[in-house]
Amino acid sequence: MLHRRSEIDVKLLLFAIQKTMLFESFLVKRFPDPAIPLAAFVSESASLTEMPKLAPPISYPDDKNPFQSDGDNGLKDEKSTEQFVKVPSNPFQGAISRCFEPFMDIYVDAQDRNLAELMDRFAEDFRLKGVARPTENCPQEGGLGAVLPSCADLFVFYKKCLLQCGQMTYSGQALVQLAGVFRKYLKTYANRVLVANFPKNSSTAASIAAATTGLIQTFLKEGETPSPSRLTEEEVRKICSILTTAEYCCETIQQLEDKLKEKAGAEFAADIDFSPEQTVFNSVITTSIQLLVNDLETACEPALIAMTKRQWQSVEVVGDQSGFVSAIVTHLRTTLPILRNYLSSSRKFFTQFCIKFANTFIPKYVAHIYKCKTISAVGAEQLLLDTHMLKTVLLDLPSLGSQISRKPPSSFTKIVVKGMTKAEMILKVVMAPTDNPNVFVEKYTQLLPDSDSSELQKILEMKNIKRGEQATFLELYRNQGPSTSQTQLATAAAQGDASALGNEPESGRIRKLEMLIRNRL
């Protein structure tokens, strides 16, 4: 048989294995062993001639993983039946069929070709059909319906290959080879079906460039902002579907690995490792979240630029929230409910989206505050009001637009409070008079104890202090060491305790502003 190996194809191999196992079953019946169920061998060998066929397309995977031992597809029974085949208590069982072990690579190569054809079909179907739209029967696109049907089809095919190969072999070497093919096409699926279908026009840099070149003149006036290039609703739905599909793959891959190790045995278990493939799908999830964050940041970017273009030194009275805050809040209230709906089955990734957005948006907001030059004390009060309004909205970001109010995760709350409190402290320093450099530097040290001289210089530039005069403040700051009272005042300021700042000259103005904010809320 070795000399005619080139003439053997997978159909001939399966046919030969079937006939051999049938003959072995006949011998087992003729010379029975009471410890072995006789019917098991007939039922096992009868299914070996058929190659695994793809199950009919399904809209989403079942609640239970196809590789769980207690699944609904009879995997537990198949597993127990296979154990009788793999444990040759009868001397006739496997006496002849073991000779086919060196030729199982023919079967594995056949599955490689079948999976290559499946990948072509999956990629083409996703390219032509995209993600299913909501229907009357399934009005919400989130949940299990967001997982691509091709993903479930792939793992059902894997399961059938795994069961069939396990029934035909007595060692785990063929399963190790089959696991290599599985790994190969998991990466192919991630690259050709998932990554390849990310929107091509979702680059934040490109969107911001389009929003700031040639269009910046349109929002020199407060409230007039251009419409940057954003993701369409269909593209957002596609990204969320890719994210939930990658999540499903990560969970199912672990079950697949465990099942392969179980069937291959302890001798070959160490050769089966799907951790690189799980890393690939985790990177798909990370990329999906980043694309959604970039899209929302792109929408908020023109409002932040409009904030820097406002003439803050001309503000005479503190009024309602500025137009740029209203624009940002509008984008948040429009985008968050859509994403929450599409990611309803992946709440942890929606939370990750909120955390990542806060981690990137708040530092960008602080950076744009430093660009507001020149700003008067009243202008700083107005911007402080705007900052507090924005802080309130950001704290409610995970539940924004939802009928059910949920307490946001503490990790998210800490990020927002820390970042936006720093923005508020910067503006309170800007509100302080610079007549006495010592008092001003002491105020800066109290409110921003973790800052450095570079941030002090940015604040002085916001107040339009000339370069020559800045040297005095910077020298005082470098020579001034923190004191216990300053540390206590800084802590009190970070917690919003206005009474701790009662001895400061402008504390009355700050208390009035905080009272105004509370009344507005």
Side-chain angles (χ1 to χ4, degrees), residues 51-55 57-58 60-83 86 104 107-119 122 144 147-169 171-194 242-285 346:
M51 292 288 289
K53 294 181 180 179
L54 191 63
I58 54 180
Y60 53 85
D62 296 331
D63 290 340
K64 296 200 173 187
N65 190 287
F67 297 99
Q68 290 177 348
S69 59
D70 58 345
D72 297 332
N73 296 325
L75 185 58
K76 185 175 182 180
D77 294 336
E78 293 171 310
K79 171 189 169 185
S80 60
T81 305
E82 183 194 350
Q83 287 178 345
K86 283 205 163 189
M104 287 303 297
Y107 173 81
V108 174
D109 292 341
Q111 303 314 313
D112 191 314
R113 293 189 294 271
N114 290 338
L115 285 168
E117 295 177 1
L118 279 182
M119 290 301 115
F122 290 160
L144 294 176
V147 178
L148 296 178
S150 60
C151 174
D153 292 341
L154 176 64
F155 283 106
V156 168
F157 186 86
Y158 276 8
K159 175 188 173 183
K160 292 186 176 182
C161 290
L162 174 59
L163 292 175
Q164 188 180 46
C165 184
Q167 293 165 6
M168 295 188 298
T169 60
S171 71
Q173 185 61 45
L175 290 174
V176 172
Q177 296 176 1
L178 189 63
V181 174
F182 288 171
R183 292 181 55 190
K184 171 184 175 181
Y185 285 99
L186 283 172
K187 291 180 179 178
T188 302
Y189 184 83
N191 292 324
R192 291 190 58 190
V193 180
L194 301 185
I242 291 174
L243 189 154
T244 53
T245 301
E247 177 193 14
Y248 175 78
C249 288
C250 284
E251 296 173 353
T252 312
I253 285 173
Q254 185 59 52
Q255 299 291 337
L256 172 62
E257 179 181 343
D258 294 341
K259 187 62 62 177
L260 279 166
K261 289 182 176 180
E262 175 188 333
K263 292 182 178 294
E267 181 182 358
F268 297 96
D271 298 328
I272 299 175
D273 181 18
F274 282 77
S275 56
E277 286 66 39
Q278 288 182 314
T279 302
V280 170
F281 284 101
N282 281 325
S283 67
V284 172
I285 294 174
S346 304

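- A heavy-atom distance below 4.5 Å is found between the side chains of Leu163 and Lys263.
- Residues satisfying the salt bridge (Lys or Arg N to Asp or Glu O under 4.0 Å) criterion with Asp112, sequence neighbours excluded, are Lys184.
- Put simply, the side chain of Gln255 does not reach to within 4.5 Å of the side chain of Phe155, judged on heavy atoms.
- In this view, Ala179 and Leu260, Ile272, Phe274 satisfy the side chain to side chain contact (heavy atoms under 4.5 Å, CB included) rule, not counting sequence neighbours.
- Leu118 places a side-chain heavy atom less than 4.5 Å from the side chain of Phe157.
- The ring-ring contact (aromatic ring centres under 6.0 Å, His included) search around Phe182 returns Tyr158, not counting sequence neighbours.
- In this structure, Ser283 contributes its side chain and Val280 its backbone to a donor-acceptor pair below 3.5 Å.
- Smallest separation of non-hydrogen atoms from Lys261 and Ala269: CE-O, 3.5 Å.
- In this structure, Cys249 SG and Glu277 CD are separated by 11.5 Å, a value rounded to the nearest 0.5 Å.
- Applying the side chain to side chain contact (heavy atoms under 4.5 Å, CB included) rule to Gln254 yields the partners Glu257, Asp258, Gln278; only residues at least two apart in sequence or on another chain are considered.
- Looking at heavy atoms from C-beta onward, Asp153 lies out of side-chain contact with Leu148 at the 4.5 angstrom threshold.
- Closest heavy-atom contact between Tyr185 and Met119: CD2-CG, 3.6 Å.
- The minimum heavy-atom distance linking Leu243 with Ile285 is given by the pair O-CG1, 4.0 Å.
- Smallest separation of non-hydrogen atoms from Cys161 and Leu178: O-CD2, 3.8 Å.
- Rounding to the nearest 0.5 Å places CG of Leu162 at 7.0 Å from CG of Leu256.
- The shortest non-hydrogen separation linking Phe281 to Leu186 is CZ-O, 3.4 Å.
- Taking NZ of Lys159 as the reference point, atom CG of Leu154 lies at 14.0 Å (rounded to 0.5 Å).
- Side-chain atoms of Ser150 never come within 3.5 Å of backbone atoms of Phe122 as a donor-acceptor pair (strictly under, hydrogens ignored).
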